[in-house]
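Just below is one structure, and these are the notes that go with it.
Reminder, nothing fancy here: chain letters follow the sequence lines and each chain counts from 1.
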Number of protein chains: 2
Amino acid sequence: MMKTVVKDLFRKQDEFGGKEITVSGWIRNIRISKNFGFIELNDGTFFKNLQIVIESDKLDNFAELSKLNIAAAITATGTLVLTPDAKQPFELKAENVVIDGESTPDYPLQKKRHSFEYLRTVAHLRPRTNTFSAVFRVRSMIAYAIHQFFQERGFVYVHTPIITASDCEGAGEMFQVTTLDLNNVPKNDDGTVDYSQDFFGKQANLTVSGQLNVETYCMAFRNVYTFGPTFRAENSNTTRHAAEFWMIEPEIAFADLKDDMELAEDMLKYIINYCLENAPEEMQFFNQFIDKELLDRLNHVVNSEFAHVTYTEAVNILIEDSKAGKVKFDNKVEWGCDLQTEHERYLTEQVFKRPLFVTDYPKEIKAFYMKLNDDQKTVAAMDLLVPGVGEIIGGSQREENYDVLVERMKELGLKEEDYNFYLDLRRYGTNKHAGFGLGFERAVMYITGVSNIRDVLPFPRTVGTAEY
Amino acid sequence: MMKTVVKDLFRKQDEFGGKEITVSGWIRNIRISKNFGFIELNDGTFFKNLQIVIESDKLDNFAELSKLNIAAAITATGTLVLTPDAKQPFELKAENVVIDGESTPDYPLQKKRHSFEYLRTVAHLRPRTNTFSAVFRVRSMIAYAIHQFFQERGFVYVHTPIITASDCEGAGEMFQVTTLDLNNVPKNDDGTVDYSQDFFGKQANLTVSGQLNVETYCMAFRNVYTFGPTFRAENSNTTRHAAEFWMIEPEIAFADLKDDMELAEDMLKYIINYCLENAPEEMQFFNQFIDKELLDRLNHVVNSEFAHVTYTEAVNILIEDSKAGKVKFDNKVEWGCDLQTEHERYLTEQVFKRPLFVTDYPKEIKAFYMKLNDDQKTVAAMDLLVPGVGEIIGGSQREENYDVLVERMKELGLKEEDYNFYLDLRRYGTNKHAGFGLGFERAVMYITGVSNIRDVLPFPRTVGTAEY
C-alpha cells in the first residue's frame, strides 16, 4: 500500500480530498471524548500536523488508541475530508489505525513549552518539537541552497582535508589528532614527543580553514568552494562560538575584491530567497515565536543593495558619532583597532540600516595572504555586517604577487618552507583572485532568528560538551 | 568588460561565433612559429581547451608571449571564429593578450604523461592535468547529485558530529582528539590520564559513523541523510582505504529492508545518470584512458534491475561453483564467514553479471543494531555489490524492538547506559526503519574507473601522510 506524506496533503490538497489514504507518523497531541477523539499527527515531512478523527464505532481498537501517549507511532488509513470552514484545512476520518510503537507518560517532551536550555539536554529528541523541526529543516535547506547556488554557477565543490599536519596561519587554538597512547606517550631522547610513532608520522591537527588548500584548486578550476566542518579549541563560552562548526569558503580566480563582494551579496540573497520560498510555514513560525522583526529584516535584505564603506571611513563615523554623543561604546575606537560587535552592529543597524561591506582594513589586524593595497597600510579585505548579527562573512582579495607575499611572510615570521605549495601558486600562473568564508551556523542563526549557536547545531560541541 | 567562460563557448558556440570575447585562463600548451603561434588555453570551467591564435602583426607583445611557459595565466581578447572543418570547433583570433602571471620552464607538470604516483607528490598542482581535472569535477558533480537526489525527495540533511565522546559500536581504530599537552599529560592519582583537564572533560574521538546520531533525526523527520567526513585509524595501506573519507548515510522511518534497497538502487542510478548527462566529456575521457569498459558497465547498471540473493544462497553458490571447479578462491567459503572481495566480485561479475544485493547475513558478522530475522540466526542486512569494485553500499533494517535490542547488546557486552539516547528511540514511538552507508570515495572510484582511493581525494590522508 502506497503511503501518503503529510507534505503532499498540504501542498496538493485538491488531489487528495475525498480519497482514501494511509499515513504514518508520530502523535503530537491526542484528545479523547467518550466515543471519538482527535489525534494531531506529525509525519516529519512537513511542519504542520494532520488531524485524524478516531471514532469508537469505526475502530475495534478505539479503547487501546485512546490510551496512547504523545510520541507514539501509528499508521492510519481513512478518507481525507476537506474542511474549508474549520481551523484545519482537512482531516482524516480513520477507518483503520495500527500502533507501530507506543510511548509512555514519562516522555520527556510533554505538551507544554520547554526552555531551550532544557531541550539541549535532550538533543536526541528536540527535533520532534515545533521550534527545532523548523530550525533543522531550514538548516538543511540552507545547506542545499548553498550547493545549488554554486553548482548552478559552475563552481567545483572541493573537500579540503579535515586532518592537517601543516599548521597554516599559525591559527591559535587547534585540536590535536593522535593515535598515541596518552597513558604512555613515546618520547625522544631529548624528552620531546616521538611523533614518528604517531599515525601520520608527525603532529596533526583538525583544520581551522580550508582556504589555503582550496586556493590550489581555484588555480585549476577557476571557481571553487568548500563546505565542511572546521574546528576551534577556544576556551570561550559564548552564544556565537562552537568548537565544531561548518564553513563555506568560495574562491574565485581572475577576480578582485569587487567580484568577491558581488558573489557574497548574490549568495546571501539567494539562500534567503530559497528559504522564504521553500519554507514559508517555518519562516512564519520564526517570525511569530523567535523574532518578530525577522521577515521584515530578511525581505529588506533581499530587496536592498548592500552598502559599502572603507574601514577608515567607518572608524571616522564611529569616532564622530561618539563625540557628538549619538552613541556610547564600551570599547573605544581608533584607527588600527579591530571593530567589535557593538561597532559593527551600530554601523549596519543605525548608520547604514542595511547589510554593509567594510573594506580595506589595516594590514596588522588581517591575515598574511590578503592583498596589500597601494597605500602599503591597508589590505583588500572585506567583512560583511548584517543587522541583528554583525559580521557574517569575512573575505579578501589574495596577494598574488610572489615577492610581496614572501616579504609579508617574513614580517610575520612565517617560514617559506612551510608554505611552499602555496607559493607555487604565485610561481606558476598567478592571477588576481579572491574568496571569503561564511560561517554556516551564523547564516542559520541569521535566517532563523535563533540567537544561540547551540540551538542550530544538531549535537553542539563546546567546552566540556561532546554528548551523543 | 564581461569575461566569457570556455564552457559557454563549447555549450553554446552558435551564440559566440564571430563575436568579440575576452577569456582568462592558463596555458596548457603553446606552439610558436615565426610570425604566429597557437595557445591551448584552459580556463578551469570546462574539460577542453580553447585554441587561441596569436600573430606578430596583430600583437605588440608577440615576442614576449612566444616565450611563455606552460601554466602561465593570460587574458585574451579577440574574435571567436567557428572552424567547422578543423580539429577544434572554433578558435580565438587574439587582438590583445595580457599576461596575468608567468610560469617557468621548471613547472612540475610539463607536456608529457606523468605517473599517478608522481602526481600524488604534487597534489596541489595535479587538478591542472586532464585526468585530475576530470576526476575532481566529476567528484563535485557526484556530491551535488547526491544532495539533489535526497532533497528532491524531501530528505533532511543532518550534520552529525565529527568529534564524539560516545564510543559507539566500539568501532575499532579511532583517532583521539585532545587539547592536552602531550609533552606533559596530566595524570590522576592512579596514574591514568586526567581527562577532566581535556577540552571536553572526557576522552573524545573522531567519528567513525553518524548512523546512531542520525537515527534520532530520522525519528523526527522520517527521511534524513548525512554527508560528512568519517575517520578510521587503521594501519592498512591498500588502494581502497584512507584514514579520512566522506560518507553518506540515509535513514528512513516506517520502512523496511526492501524500501532500503529500492532507495539505494534509485540513488546509485540517479548519480550515474547525472554524471553521464552533465560530464559527457569527462566520462568519455575516463572510458578512453582509465577503463575501456567503464561506459558499458555504467550504462548497463543504469538500465538493469539489480539482482537479489540471500547470504545463505550466495554461500551455497560459491561452495557449489568451487566444488565444480568453475572458480578457485584464495579464501575458503563456509556459512558464517564474511565474504571477501574475491567472492563478492565473482558473484556480481560472473554469476549475476549486474549489481547484486546480498541480504540476511549471519548476525555474528554484523552490527548489534541490525534487525534480527525470525530465524534468530540472521539479520535484515544488505550489501550492494557492483561489478569491478565489490561492496559499495552496506545497510540494514534496524532493530526497532526495545527488548530484542537490549538482549542483543547484552550478548555483545555493550552497556545500556552508553546507549540510553539510542534506546529512547525504541521507548518513544519506535517503528520499522532502515538505512545504509555509501562510501563517497568508493562511489567516485566506481563512476570514474580510478582504482586508487588516493587519486579521488584532493589531499589524501593515509598512514604517514597528511601533507598540505
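Using a 4.5 Å cut-off between heavy atoms, P229(B) touches chain A through its side chain atoms alone. Of the atoms belonging to T104(A), heavy atoms from both backbone and side chain fall under 4.5 Å from chain B. Of the two parts of K432(A), neither the backbone nor the side chain holds a non-hydrogen atom closer than 4.5 Å to a non-hydrogen atom of chain B. Contact of I74(B) with chain A is made through the backbone alone, with heavy-atom distances under 4.5 Å. When heavy atoms are compared at a cutoff of 4.5 Å, R426(B) does not approach chain A at all. Contact annotation for Y225(A): neither backbone nor side-chain heavy atoms come within less than 4.5 Å of a heavy atom of chain B. With a threshold of 4.5 angstrom between heavy atoms, R427(B) approaches chain A through N, CA, C or O but not through any side-chain atom. Contact annotation for T192(B): both backbone and side-chain heavy atoms come within less than 4.5 Å of a heavy atom of chain A. In this structure, chain A has heavy atoms under 4.5 Å from both the backbone and the side chain of V463(B). Using a 4.5 Å cut-off between heavy atoms, E244(A) contacts chain B through its side chain alone, with no backbone atom that close. For D106(B), the parts lying under 4.5 angstrom from a heavy atom of chain A are both the backbone and the side chain. For K187(A), the part sitting under 4.5 Å from any heavy atom of chain B is the side chain, from C-beta outward, and nothing else. The contact between F231(A) and chain B is made entirely by side chain atoms (from C-beta outward), counting heavy-atom distances below 4.5 Å. For chain B, the nearby part of A123(A) is the backbone; its heavy atoms alone come within less than 4.5 Å. For F440(B), the part sitting under 4.5 Å from any heavy atom of chain A is the side chain, from C-beta outward, and nothing else. Both the backbone and the side chain of Q148(B) come within contact range of chain A, with heavy atoms under 4.5 Å apart. Contacts of E441(B) with chain A are absent, with no heavy-atom separation under 4.5 Å from either backbone or side chain. Contacts of S196(B) with chain A are absent, with no heavy-atom separation under 4.5 Å from either backbone or side chain. Contacts of F132(B) with chain A are made by backbone atoms alone, with heavy-atom separations under 4.5 Å and no side-chain atom involved. Heavy atoms of N223(B) lying under 4.5 Å from chain A are absent altogether.
Put simply, of Q203(A), M219(A), R139(A), the one with the most heavy-atom pairs under 4.5 Å next to chain B is M219(A). For chain A, the option among L457(B), N401(B), T45(B), D424(B) with the highest count of heavy-atom pairs below 4.5 Å is D424(B). Interface remark: of the candidates A72(A), G154(A), A233(A), G201(A), A233(A) forms the most heavy-atom pairs closer than 4.5 Å to chain B. Contact tally against chain A (heavy-atom pairs below 4.5 Å) for T465(B), T178(B), N431(B): the top residue is T178(B). Of all the listed residues (V156(B), I162(B), N69(B), D100(B)), the one sharing the greatest number of non-hydrogen pairs under 4.5 Å with chain A is I162(B). Taking F221(B), Y107(B), Y402(B), Y157(B) one by one and counting their heavy-atom pairs under 4.5 Å with chain A, the maximum is reached by F221(B). In terms of heavy-atom pairs under 4.5 Å with chain B, the best-connected choice from K7(A), R137(A), M141(A) is R137(A). With chain B as the partner, the residue from A73(A), P161(A), S103(A) showing the most heavy-atom pairs under 4.5 Å is P161(A).
With hydrogens and angles disregarded, no donor-acceptor distance shorter than 3.5 Å links the side chain of T160(B) to the backbone of V214(B). Put simply, the side chain of R126(A) never gets that close to the backbone of L109(A): no donor and acceptor are under 3.5 Å apart. When atom types are taken as modelled, the side chain of R461(A) and the backbone of I163(B) share a donor-acceptor pair closer than 3.5 angstrom. In this structure, R128(A) contributes its side chain and R28(A) its backbone to no donor-acceptor pair below 3.5 Å. With hydrogens and angles ignored, the 3.5 Å screen pairs a side-chain donor or acceptor of D181(B) with a backbone N or O of N183(B). Under the 3.5 Å distance criterion, the side-chain polar atoms of D43(A) are matched with a main-chain donor or acceptor of V6(A). Counting only distance, with no hydrogens or angles, the side chain of D198(B) and the backbone of T179(B) share a donor-acceptor pair below 3.5 Å.
Screening T75(A), L41(A), V5(A) for a side-chain contact (heavy atoms from CB on, under 4.5 Å) involving S24(A) leaves a single residue, T75(A).
Taking the six-membered ring where the residue is Trp, F200(A) and F175(B) present parallel rings, their angle staying beneath 30° rather than reaching 60°. The aromatic rings of F136(A) and Y217(B) stand perpendicular to each other, their planes meeting at an angle above 60°, with 30° marking the opposite boundary.
Other residues, nucleotides and ligands place more than 12 heavy atoms under 6.0 Å from the CD atom of Q197(A).
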